[in-house]
Colleague: 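Following this message is one structure expressed as structure tokens.
Whatever order the structure lists ligands and atoms in, that order sets their numbers, starting from 1. Bear in mind the structure is a predicted one, so any value in this text is a computation, not a measurement.
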Amino acid sequence: MATSSAHITSEFSNPNLEILISEQQIRDRIKELGAQITTDYAGRNPLFIGVLKGACFFLSDLMRAVDTRVSVEFMAISSYGSSTRTSGEVRIMKDLDVPIEGRDILVVEDIVDTGLTLSYLLANLQSRGAASVKLAALLDKYERREREVKIDYLGFQIPDEFVVGYGLDFAERYRNLPFIAVLKNPNS
Ligand code: 5GP
């Protein structure tokens, strides 16, 4: 049977994507962050909390770059409707399975944009009696910040553009790109 590749379209070389941060740059930066976290948490047992779904790729690569004892949990959160958006209130869709009292927490997130989601989440975790709560974020869209959020371990600062790839989606698409790209025309 004859095979045709005419209908096969490459997602990775989609012309609608403009690479902002390459696979190699991500790899190199995560190695540096991992070394820093290894030093900072030496002799402790931090609990990494990954925020679903976007942070999964960053979390799994970051964990493997950290050479100390670590544990991992996941949370899923979603913002309320646009009317309550500015209050920064978020809905916890999947909560932790373990108590975190006395634990050293490292929240791992894909991107900090307005900061509303993270400021709520960090305060929520701190109120549960964690010994410490720190944040690792791959991307920081600092121009759009509405709430101050301290990013303890940052991958990259980026301009105010909508980005996809390496876990970040547009309508559940593009999470599997190995790089971060600007989506030039989301609706095409
Ligand atoms: P914040 O509460 O900081 O405004 O929102 C953070 C969340 O908004 C991120 O976890 C992510 O889900 C989403 N987000 C913000 N900017 C982008 C972006 O450029 N691309 C994608 N795919 N999601 C984004």
Side-chain angles (χ1 to χ4, degrees), residues 10-23 25-26 29-30 33 47-63 72-96 105-127 133-188:
S10 165
E11 192 79 327
F12 294 180
S13 53
N14 182 328
N16 207 16
L17 301 172
E18 191 177 288
I19 296 182
L20 187 66
I21 307 168
S22 72
E23 195 174 352
Q25 284 175 298
I26 295 173
R29 186 70 187 119
I30 289 180
L33 293 177
L47 175 64
F48 284 29
I49 297 179
V51 183
L52 296 170
K53 304 172 190 173
C56 283
F57 294 60
F58 179 42
L59 174 75
S60 68
D61 284 344
L62 186 65
M63 280 190 78
V72 66
E73 284 285 328
F74 292 95
M75 285 183 85
I77 49 186
S78 86
S79 301
Y80 280 98
S82 51
S83 57
T84 53
R85 174 82 179 130
T86 45
S87 71
E89 211 176 338
V90 300
R91 193 193 315 240
I92 295 177
M93 310 298 285
K94 186 218 171 299
D95 208 342
L96 298 170
I105 303 300
L106 183 65
V107 175
V108 181
E109 178 62 302
D110 49 8
I111 184 167
V112 184
D113 185 21
T114 62
L116 294 172
T117 309
L118 259 303
S119 64
Y120 172 87
L121 183 62
L122 295 173
N124 177 292
L125 295 173
Q126 196 77 69
S127 75
V133 180
K134 287 191 172 189
L135 172 65
L138 181 67
L139 305 174
D140 176 16
K141 225 195 261 186
Y142 59 97
E143 288 169 51
R144 285 180 37 92
R145 197 73 88 254
E146 290 175 29
R147 291 280 164 85
E148 195 187 331
V149 172
K150 180 168 183 274
I151 304 176
D152 300 282
Y153 305 98
L154 172 65
F156 305 90
Q157 285 197 325
I158 62 164
D160 183 10
E161 302 265 20
F162 190 82
V163 293
V164 293
Y166 197 68
L168 288 150
D169 74 312
F170 174 69
E172 293 304 322
R173 188 174 170 185
Y174 301 116
R175 290 194 198 275
N176 59 320
L177 303 177
F179 47 79
I180 305 280
V182 173
L183 187 58
K184 289 192 282 190
N185 187 358
N187 297 312
S188 76

Colleague: Output yes when the distance from some N or O of ligand 1 to some N or O of Leu118 is under 3.5 Å, and no in every other case.
Modeller: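 No, there is no polar N/O contact under 3.5 Å.
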
Colleague: Using a 4.0 Å cut-off to any heavy atom of Glu161, which atoms of ligand 1 qualify?
Modeller: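 Near Glu161, meaning under 4.0 Å from one of its heavy atoms, ligand 1 has 19 (O).
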
Colleague: Check whether the side chains of Tyr142 and Asp160 place a donor and an acceptor atom closer than 3.5 Å, and report yes or no.
Modeller: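 Looking only at side-chain atoms, Asp160 and Tyr142 do not form any donor-acceptor pair under 3.5 Å.
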
Colleague: Just let me know how Arg144 lines up against ligand 1, side chain, backbone, both or neither, with a heavy-atom cut-off below 4.0 Å.
Modeller: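 Near ligand 1, Arg144 shows nothing, with every heavy atom at 4.0 Å or more.
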
Colleague: Closer than 4.0 Å to some heavy atom of Thr117 - which atoms of ligand 1 meet that?
Modeller: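 Per the distance check, 1 (P), 2 (O), 5 (O).
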
Colleague: For ligand 1, is there an atom lying under 4.0 Å from some heavy atom of Gly115?
Modeller: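 The answer is yes, since Gly115 has a heavy atom less than 4.0 Å from ligand 1.
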
Colleague: Looking only at distances, please establish whether an N/O atom of ligand 1 is found under 3.5 Å from an N/O atom of Phe162.
Modeller: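 Looking only at distances, the answer is no, because the N/O contact criterion of under 3.5 Å is not met.
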
Colleague: I'd like to know if Arg145 contacts ligand 1, where contact means a heavy-atom distance under 4.0 Å to any ligand atom.
Modeller: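 Flag not set, Arg145 not near ligand 1.
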
Colleague: Of the choices Val112, Leu52, Asp113, which has the non-hydrogen atom that lies closest to atom 15 (C) of ligand 1?
Modeller: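 Result: the heavy atom closest to atom 15 (C) of ligand 1 is in Asp113.
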
Colleague: Would you find a donor on one side and an acceptor on the other, under 3.5 Å apart, between the side chain of Lys141 and the backbone of Thr114?
Modeller: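 No, because the side chain of Lys141 does not come within donor-acceptor range (under 3.5 Å) of the backbone of Thr114.
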
Colleague: On a heavy-atom basis, I'd like to know which of Val149, Thr114, Val90 is closest to atom 4 (O) of ligand 1.
Modeller: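 It is Thr114 whose heavy atom sits nearest to atom 4 (O) of ligand 1.
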
Colleague: Where the side chain of Arg147 meets the backbone of Thr117, is there a donor-acceptor pair that is under 3.5 Å apart?
Modeller: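 No; zero donor-acceptor contacts below 3.5 Å.
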
Colleague: Determine the minimum heavy-atom distance between Lys94 and Phe74, stating which atoms define it.
Modeller: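 Heavy atoms of Lys94 and Phe74 come nearest at NZ-O, 3.4 Å.
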
Colleague: Using modelled atom types and a 3.5 Å cut-off, is there a donor and acceptor pairing between side-chain atoms of Arg91 and backbone atoms of Ser78?
Modeller: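 No, because the side chain of Arg91 does not come within donor-acceptor range (under 3.5 Å) of the backbone of Ser78.
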
Colleague: Can we say Lys53 and Asp169 salt-bridge, meaning some charged N sits less than 4.0 Å from an Asp/Glu carboxylate O?
Modeller: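 Result for this pair is no, no salt bridge flagged.
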
Colleague: Please state which option from Arg173, Lys53, Lys141 has its nearest heavy atom closest to atom 19 (O) of ligand 1.
Modeller: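 It is Lys141 whose heavy atom sits nearest to atom 19 (O) of ligand 1.
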
Colleague: Does Asp110 reach ligand 1, in the sense of a heavy atom lying below 4.0 Å from it?
Modeller: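 Checking ligand 1 against Asp110, which is what was asked, there is a heavy-atom contact under 4.0 Å.
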
Colleague: I'd like to check which ligand 1 atoms, numbered from 1 as shown, lie under 4.0 Å from a non-hydrogen atom of Leu168.
Modeller: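 Answer for ligand 1: 21 (C), 22 (N), 23 (N).
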
Colleague: Charged N to carboxylate O under 4.0 angstrom, Arg175 versus Glu172?
Modeller: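 Here Arg175 pairs with Glu172 in a salt bridge, since their nearest N and O are under 4.0 Å apart.
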
Colleague: For the pair Lys184 (side chain) and Pro15 (backbone), establish whether a donor and an acceptor sit closer than 3.5 Å, ignoring hydrogens and angles.
Modeller: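 Judged by distance alone, yes, a pair lies under 3.5 Å.
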
